[in-house]
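Structure record follows, encoded as structure tokens.
On a predicted model such as this, the values are computed, not experimentally measured, just so you know. Protein chains get the first letters and strands the later ones, always in sequence-line order, with residue 1 at the start of each.
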There are 2 protein chains.
Amino acid sequence: MIKCVKCSEVDAIAKAGIIRGKQRYYCGRCDYYFTLPAAEVSLAAATSKKHQPTIVDIARELQISKSTVSRALHGHSDINEETRKAVLDVAKKLDYQPNLLAYGLAKSKSLTIGIIVPEFINSFFPYVIIGAQEIANPAGYHVLICQSNESYQTEIDNTNVLMSSRVDGILASLTGKTPNVDHFKKFERAGIPIVYFNRVTTDVCASKVIVDDYDGAYQGVTHLIQNGCKRIAHIAGPQNLQICRDRLQGYKDALLRHGMELNESLIIYHDLNPESALHCAQHLLDAPDRPDGLFALNDPAAIATMQVAKEKGIRIPDELAVVGFSNEPTSALVEPGLTTLAQPMAEIGKTAVNLLFKQMNDTTDCFIPETKVLKTTLIVRKSSLKRQF
Amino acid sequence: MIKCVKCSEVDAIAKAGIIRGKQRYYCGRCDYYFTLPAAEVSLAAATSKKHQPTIVDIARELQISKSTVSRALHGHSDINEETRKAVLDVAKKLDYQPNLLAYGLAKSKSLTIGIIVPEFINSFFPYVIIGAQEIANPAGYHVLICQSNESYQTEIDNTNVLMSSRVDGILASLTGKTPNVDHFKKFERAGIPIVYFNRVTTDVCASKVIVDDYDGAYQGVTHLIQNGCKRIAHIAGPQNLQICRDRLQGYKDALLRHGMELNESLIIYHDLNPESALHCAQHLLDAPDRPDGLFALNDPAAIATMQVAKEKGIRIPDELAVVGFSNEPTSALVEPGLTTLAQPMAEIGKTAVNLLFKQMNDTTDCFIPETKVLKTTLIVRKSSLKRQF
DNA sequence: ACCGGTTGCGAAAGCGTTCCCGGTACTTCT
DNA sequence: AGAAGTACCGGGAACGCTTTCGCAACCGGT
């Protein structure tokens with residue numbers, strides 16, 4: 001017979017429904033509902049997930065309170081030197097690893113900064129990330145990398161992931177399809193600082209790290225002109241990105257400044273997908289009135305064009321001089337070497353994190369965003385040096 | 001005069017030390033210690049960190065309990081359809097983002113898998129990571145990427161970071177300097193599954209994803225032999241890595257099988273640092289009795305050698321035929337195109353995550369590790385096709 | 001001897017979730 | 001009509017950590 005778990009009464013027990021698959025009983029005397037305790041599923045087999053040592057374990061071992069352990073582990077004041085040593089010893093003995101989840105919850109900070117990049121197949125972004133880590137890691141922060149794969153939707157998803165992860169700051173570089181930065185507004189609302197780098201938009205009030213794209217483009221195109229190019233094409237990027245607009249403008253101004261005319265048919269737009277680069281190249285080189293010079297918005301596009309030119313038997317640089325942008329390692333490997341505008345990639349990452357930290361430590365409620373503009377350097381290789389000139 | 005905060009007594013008050021910089025008082029009547037409440041530092045300026053909506057906010061808005069909200073957000077049973085809709089609406093209205101830290105703490109799982117790679121400058125690892133994300137993300141997991149920068153110490157640090165982050169699983173590829181995997185043992189102890197990929201060691205009992213390195217090397221070297229090479233060199237990797245030992249063995253066996261003799265002076269060891277590749281190449285090509293063929297353990301080493309050869313005026317493939325390993329995109333860009341053994345990079349990532357998930361969902365206490373061996377494909381380009389042959 | 005000050009530690013309240021369990025109001029059998 | 005079952009919901013402990021604040025013990029000067 002069923003006994004009440006409280007009064008051990010037997011007679012006043014009535015069935016009171018099934019709950020979560022188990023019979024429930026009601027004791028009329030105690031006015032108490034209960035289910036029979038599940039017969040102690042004896043297996044410690046359910047203990048597959050081993051217990052990780054916590055500060056409570058350390059505290060128990062030393063017969064002190066967890067507050068003291070916490071203080072000891074953080075070099076807090078208000079702690080006896082011997083106690084601290086003892087705690088540290090036990091921590092090492094137990095191989096204690098602080099639980100960052102709990103830490104983050106308690107402190108409302110995750111010690112993590114999120115980085116959103118459009119891709120990391122080409123070396124540009126990896127180098128930036130490495131630069132960022134070089135500053136972030138020593139400061140005790142680690143880095144959560146999200147790549148948007150040049151997809152706007154993925155970028156949005158990534159912002160949500162970073163939001164849920166409660167990152168303390170964001171470094172972001174946009175996709176070529178990102179029409180606006182509304183999906184980043186939530187970070188502002190939450191007081192999480194953002195620094196945009198490289199691929200930024202103009203319509204946002206935030207800190208930015210960019211290079212002088214206009215100047216770089218201007219230099220690159222001028223170089224082509226000085227090397228005898230008469231018809232200089234430009235593979236431009238999506239015009240939602242300031243970086244692409246600036247490079248385009250630099251291209252245009254360089255031409256005009258040197259008394260050359262603008263020819264819209266020589267400007268072709270690349271959506272930054274790898275296949276698109278090949279299409280642009282095809283299109284450009286198939287044109288009846290082929291260009292004899294090309295300034296591409298980035299190295300991969302320049303290199304893709306060189307490949308296509310090669311297939312078509314177009315000689316580089318004599319028939320087509322090429323200048324890229326970024327100086328990714330590959331640009332030194334292709335044949336002929338690609339003339340390009342070197343970007344200080346690691347420097348970009350470092351600068352961005354420094355700016356982020358500055359903003360994170362800012363106590364004044366109205367932080368004034370800052371834009372750092374780094375310089376590019378023209379690296380001349382063979383792809384732009386016409387022989388007959 | 002000072003009043004007791006409890007009884008408002010004035011006379012029985014005595015000073016009782018300074019604590020944390022503030023004067024403390026003692027009321028003899030109440031037997032009570034107190035400090036004066038800090039004059040309400042009126043600034044809401046300290047509220048710079050805005051409040052993020054939580055389930056409690058949703059609950060308050062709807063006048064229900066947070067338990068109900070939690071159930072609603074997770075499509076739990078035991079919830080009225082209308083209630084759920086209401087919760088979802090409010091959640092959307094408030095732009096609620098679940099706090100992954102709190103979730104992780106409560107559930108003892110972080111929905112994160114950690115990936116440790118030795119570097120991500122070359123494209124191999126990025127592609128693997130993309131493959132991994134393609135499986136992990138749809139399953140609700142995100143990926144924490146750590147790069148060890150070919151440093152053993154950094155790799156150890158990375159394991160600690162991932163341990164602290166309480167990742168639910170690990171994908172790891174070792175540095176060329178990692179002597180053993182003791183630093184990964186803590187994951188085993190904690191019951192956190194690991195899958196090693198690509199750069200693995202033999203002395204560990206865990207799931208692995210590798211390619212058939214021996215076979216790939218054998219194929220590559222055989223291809224060189226069939227193309228008329230008589231003195232085939234090998235840039236080998238650190239012998240702590242099984243992958244490097246296998247490729248070396250494949251090289252040796254291919255030579256022996258084809259009646260060629262082994263020449264230790266033609267084997268040179270690369271520590272996987274970028275500069276080291278150039279040294280190896282220099283050394284190899286400066287030798288009095290220069291090789292006429294090269295099988296390099298990876299594409300970057302092969303390409304570095306091609307660069308050095310070019311500088312020295314050594315013609316490829318006629319004077320030196322080259323075969324790499326991996327088929328990174330760059331290998332198609334260099335001149336001549338690099339013959340190489342294609343690895344299914346994204347596939348490696350996907351397979352590894354699948355294996356990891358399998359192990360994570362395994363309930364039996366004794367999980368049997370599994371090793372998946374993927375196939376390589378010889379991609380023939382011009383770097384290995386001697387003309388006079 | 002007493003008072004004011006110092007040092008070191010413990011108790012407990014959060015942080016935002018999940019989840020177990022108990023409770024209520026209602027429905028459906030007999 | 002009353003017993004048995006169903007559908008939902010709320011309370012509250014737990015996760016591992018930080019942090020505030022109270023308190024005891026001790027120290028040194030008058």
Side-chain angles (χ1 to χ4, degrees), chain A residues 5 14-26 28 31-35 37-38 51-59 62-74 76-84 87 96-110 164 166, chain B residues 14-26 31-35 37-38 51-59 62-74 76-84 87 96-110 164 166:
Chain A
V5 294
K15 288 193 183 175
I18 309 282
I19 191 154
R20 283 171 281 272
K22 281 168 61 183
Q23 180 64 57
R24 194 156 67 132
Y25 300 94
Y26 174 73
D31 180 33
Y32 182 65
Y33 291 87
F34 61 92
T35 58
H51 177 72
Q52 292 275 99
T54 72
I55 54 169
V56 180
D57 295 318
I58 299 179
L62 287 168
Q63 303 275 32
I64 58 178
S65 82
K66 58 180 182 174
S67 329
T68 307
V69 176
S70 175
R71 270 190 296 258
L73 291 173
H74 289 81
H76 225 274
S77 64
D78 262 26
I79 180 113
N80 184 299
E81 191 55 34
E82 282 176 38
T83 316
R84 166 189 290 130
V87 168
Y96 168 77
Q97 296 283 351
N99 184 323
L100 235 51
L101 270 49
Y103 174 90
L105 187 57
K107 297 261 291 187
S108 291
K109 63 190 258 191
S110 59
S164 273
R166 295 296 190 270
Chain B
K15 287 194 183 173
I18 309 284
I19 190 154
R20 284 169 280 270
K22 281 167 61 182
Q23 180 63 58
R24 192 156 70 127
Y25 301 94
Y26 174 73
D31 180 33
Y32 182 66
Y33 291 88
F34 61 92
T35 58
H51 176 72
Q52 291 275 100
T54 72
I55 54 171
V56 180
D57 296 318
I58 300 178
L62 287 168
Q63 305 274 32
I64 57 177
S65 83
K66 57 182 182 171
S67 325
T68 306
V69 175
S70 176
R71 272 190 297 260
L73 291 173
H74 289 81
H76 222 276
S77 65
D78 262 26
I79 182 112
N80 185 299
E81 192 54 35
E82 282 176 35
T83 316
R84 165 189 291 130
V87 168
Y96 167 77
Q97 296 282 351
N99 185 324
L100 236 51
L101 271 48
Y103 174 90
L105 187 57
K107 297 262 290 186
S108 291
K109 64 190 258 191
S110 59
S164 274
R166 295 294 190 271

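- With C:dG23, C:dG10, D:dG12 as the choices, the nucleotide that has an atom nearest any side-chain atom of A:Ile64 turns out to be C:dG10.
- When distances are taken from the side chain of A:Ser70 to each of D:dT18, C:dC9, D:dA4, the shortest belongs to D:dT18.
- In the interface, the side chain of B:Arg71 is paired with the base of D:dG10 through a donor and an acceptor atom under 3.5 Å apart.
- Between the side chains of A:Thr68 and A:Ser65, at least one donor N or O sits under 3.5 Å from an acceptor N or O.
- Between A:Tyr33 and A:Tyr26, the ring planes lie tilted relative to each other; the angle falls in the 30° to 60° range.
- Checking D:dT6, D:dC8, D:dG16 against every side-chain atom of B:Asn80, the shortest atom distance belongs to D:dC8.
- Of the residues near DNA chain D, B:Glu81 and A:Tyr103, the one whose nearest nucleotide (by heavy atom distance) lies more toward the 5' end is B:Glu81.
- Between A:Pro98 and B:Arg166, the shortest heavy-atom contact is O-NH1, 3.7 Å.
- On a pure distance criterion of 3.5 Å, a polar donor-acceptor pair joins the side chain of B:Lys66 and the base of C:dT17.
- In terms of polar N and O atoms assigned as donor or acceptor, the side chain of B:Ser65 never comes within less than 3.5 Å of the base of D:dG11 in a complementary pairing.
- Side-chain to base pairing of A:Arg24 with C:dT24: one donor and one acceptor N or O lie within less than 3.5 Å of each other.
- Taking every heavy atom of both residues into account, A:Ile79 and A:Arg71 meet most closely at CD1-CB, 4.3 Å.
- The base of C:dG22 is not paired with the side chain of A:Thr35 by any donor and acceptor separated by under 3.5 Å.
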